[in-house]
Amino acid sequence: MLDPKYVREHETEVRKALADCHSKVDLSLYLDLERRRRDLMMSVDKRKARLNQASEEMARMKKEGKDITPYQAKLKELSDEIKQMDGEIAAVEKDFREIELQVCNIPHSSVPVGGEEANQEVRKVGEPAKFSFKPKSHDELGVALGILDFEKAAKISGARFFTLSGLGAKLERALANFMLDLHAPKGYKEMVVPHLVNYQSMEMSGQFPKFIEQAFAVEKDNFYLIPTAEVSLANLHRGETFAAGSLPRKYAAFTPCYRREAGSYGKDTKGLIRLHQFNKVELFQFVEPDKSMEALEQLTADAEEILKKLGLPYRVVVLATADKSFASIKTYDLEVWLPSQNQYREISSCSNCGDFQARRGAIKVKKEGGAKPELVHTLNGSGLAVGRTWLAILENYQQADGTVAIPEVLQPYLGGLKTLTPGAA
RNA sequence: GGAGAGAUGGCAGAGUGGUCGAAUGCGUCUGACUCGAAAUCAGAUUUACGGGCAACCGUAACGGGGGUUCGAAUCCCUCUCUCUCCGCCA
């Protein structure tokens, strides 16, 4: 959500931003509703002031024992008029809010303009391994090793689910522990958070109303399943004002993520790439408003470190204006190399949301010297998507005989295990 | 799931239809006293929106929403949350 006053005063800039994000929002309607709301408020406020004055007068008269009945009818008229106008304001406000919630965040000036094709590679780290044989896909490897099963999951739930067993399950847990252990010393407080959240939490973090079709809903109880722990972490401090000097606040949470993947029929149907449920370690930061751009670089580096330590080749891409997420002003995607696909695939997305979420959630920070509290800036990033890390390890560390080497840093988490071999699970 | 109690400013806690945005205490900030500090005294101390260059003015907010009334923190309805007791349960 943007500051309506800012939008009003920077119409040209906002129009360009909307165009750059390929947004279909009607800004003229936005401005018109905002104007009407203000006009109505001004005239109703005047009437309310009059009514308040009259009410005080009535109180005084009653105290003096005077008869107030003759005035009541007249004030009833004014009161009814106010009620009617309040109704009009509520209607305009509802319309305004509806459109306001559809306005995307304004991209940072350093973000390339355009759609997916305009995304820019920022850096490439590590060299994709050369295989003397044709590298297999992770699902082929996993199924052959006996640690990954889609058929069982299909029986239990349906398409786009998976089960891991034995060392496959243990590898998943090892990865999560490895990631959390690496983030903790950098100030990320580990959290366990709700996976079922209310509408307001989804709205605050920017998922709703725009992406409501992408969320699983528990309609009977008015809950939504989190598509990412970002939702829960972002809402941790909703409605709060941080004390001066108490930022940044950093959090990490390991949770499943639930996504309907509506509209992605036929895409990535094989393997672990696109599922209704997957595990992720999420990083989240609340920072001072002037610190968020540098925080984004640091957050991205924190996520990258996992890939570096695991020895997985990857590249960093800055997402173009129309490809970045709705709430973000700048997003870096981390893409890991997948030998079987001969391409880089997203494994993390790190975003600076500026004050967009903070405005929806009224999250502020007090300033030194008694100045007015300001909205904080929020950042989120995957550090990392555990399922995709799991599959990246299988693919990148596979050997000619179908076994998979375990990266050295993970071995302590797997009881010293060095290789995944068929039957061992 | 059943029965009951409650939700007020940073915190504690009064207020049960009329100058209540809200007593009082604590906390915090400023000033006085002091070499300095403590203690004491004096004052200040919510937020949002709108108008104004500004000083400032107006409106709204006592868990959320709705209602009664000329007027609601106060009465009514409803939802959420918290607490106590009972039941159930990892």
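Chain identifiers are assigned alphabetically (A, B, ...) following the order of the sequence lines, protein sequences preceding nucleic acid strands; residue numbering begins at 1 within each chain.
- Of the candidates B:U59, B:A48, B:G71, the closest approach to any side-chain atom of A:Ala49 belongs to B:U59.
- Counting only heavy atoms from C-beta on, A:Glu34 has its side chain closest to B:G50 among B:G50, B:G18, B:A60.
- The gap from the C1' atom of B:A12 to that of B:A7 amounts to 15 Å, rounded to the nearest Å.
- Taking 4.0 angstrom as the limit, A:Lys83 places none of its side-chain polar atoms (N or O) nearer than this to OP1 or OP2 of B:G67.
- Looking only at atom types and distance, the side chain of A:His237 has a donor-acceptor partner in the side chain of A:Tyr251 under 3.5 Å away.
- Comparing the C1' positions of B:G63 and B:G50 gives a spacing of 26 Å, expressed to the nearest Å.
- A 3.5 Å limit on both hydrogen-bonding distances identifies B:G58 as the Watson-Crick or G-U partner of B:C49.
- B:U34: no Watson-Crick or G-U partner with both key distances under 3.5 Å is found in any strand.
- For A:His276 and A:Tyr258, the ring centers are positioned 6.0 Å apart or more.
- Nucleotides of RNA chain B nearest to A:Arg60 and A:Val44 differ in position, and the one nearer the 5' end is that of A:Arg60.
- Summarising the base pairing, B:G17 is matched to no nucleotide, lacking a Watson-Crick or G-U wobble pair whose two defining distances lie under 3.5 Å.
- Which of B:U59, B:C70, B:A48 sits closest to the side chain of A:Lys48 comes down to B:U59.
- The side chain of A:Asn52 approaches B:U59 more closely than any other nucleotide in the set B:G50, B:U47, B:U59.
- Counting non-hydrogen atoms under 4.0 angstrom, A:Lys5 reaches the backbone sugars and phosphates but no base.
- Side-chain contact of A:Ser349 with A:Asp333: a donor-acceptor pair under 3.5 Å is present, judged by distance alone.
- At whole-Å resolution of the value, NZ in A:Lys62 and C1' in B:A72 are 13 Å apart.
- Comparing A:Glu56 and A:Lys76 along RNA chain B, the residue whose closest nucleotide (by nearest heavy atom) sits nearer the 5' end is A:Glu56.
- Among the heavy atoms of the strands lying under 4.0 Å from A:Met58 is at least one base atom, whether or not backbone atoms are also near.
- More than 12 heavy atoms of other residues, nucleotides or ligands lie within 6.0 Å of CD in A:Glu9, so this atom counts as buried by the packing criterion.
- The P atoms of B:G43 and B:C79 are separated by 48 Å, rounded to the nearest whole Å.
- In terms of phosphate contacts, A:Arg8 brings a side-chain nitrogen or oxygen within less than 4.0 Å of OP1 or OP2 of B:G50.
- Less than 6.0 angstrom separates the ring centroid of A:Tyr199 from the ring centroid of A:Phe208.
- Shown here, B:U84 forms a base pair with B:A3; the pair counts as Watson-Crick or G-U wobble because both key distances fall under 3.5 Å.
- When the side-chain nitrogen and oxygen atoms of A:Ser55 are compared with OP1 and OP2 of B:U19, none of them lie within a distance under 4.0 Å.
- The base-pairing partner of B:C89, taking Watson-Crick or G-U wobble contacts with both distances under 3.5 Å, does not exist among the strands shown.
- Remark: A:Arg38 is in phosphate contact with B:G51, judged by side-chain N or O atoms under 4.0 Å from OP1 or OP2.
- A donor-acceptor contact closer than 3.5 angstrom links the side chains of A:Ser340 and A:Glu395.
- Side chain of A:Met41, nearest nucleotide from B:G50, B:A48, B:C70: B:G50.
- A:Arg360 places its CZ atom 19 Å from the P atom of B:A48, with the value rounded to the nearest Å.
- Contacts of A:Leu78 with the nucleic acid, taken as non-hydrogen atoms under 4.0 Å apart, are absent.
- Aromatic ring centres of A:Phe216 and A:Tyr224 lie farther apart than the 6.0 Å criterion allows.
- Computed from coordinates, the A:Asp45 CG to B:G52 P distance equals 14 Å when rounded to whole Å.
- Taking atom P in both B:C29 and B:A38, the straight-line distance is 10 Å, to the nearest Å.
- Residue A:Glu81 contributes atom CD, which lies 14 Å from atom C1' of B:C70 at whole-angstrom precision.
- Under the Watson-Crick or G-U wobble criterion, with both distances below 3.5 Å, B:A73 has no partner in any strand shown.
- Nucleotide B:G25 has B:C11 as its partner under the Watson-Crick or G-U criteria, with both atom distances under 3.5 Å.
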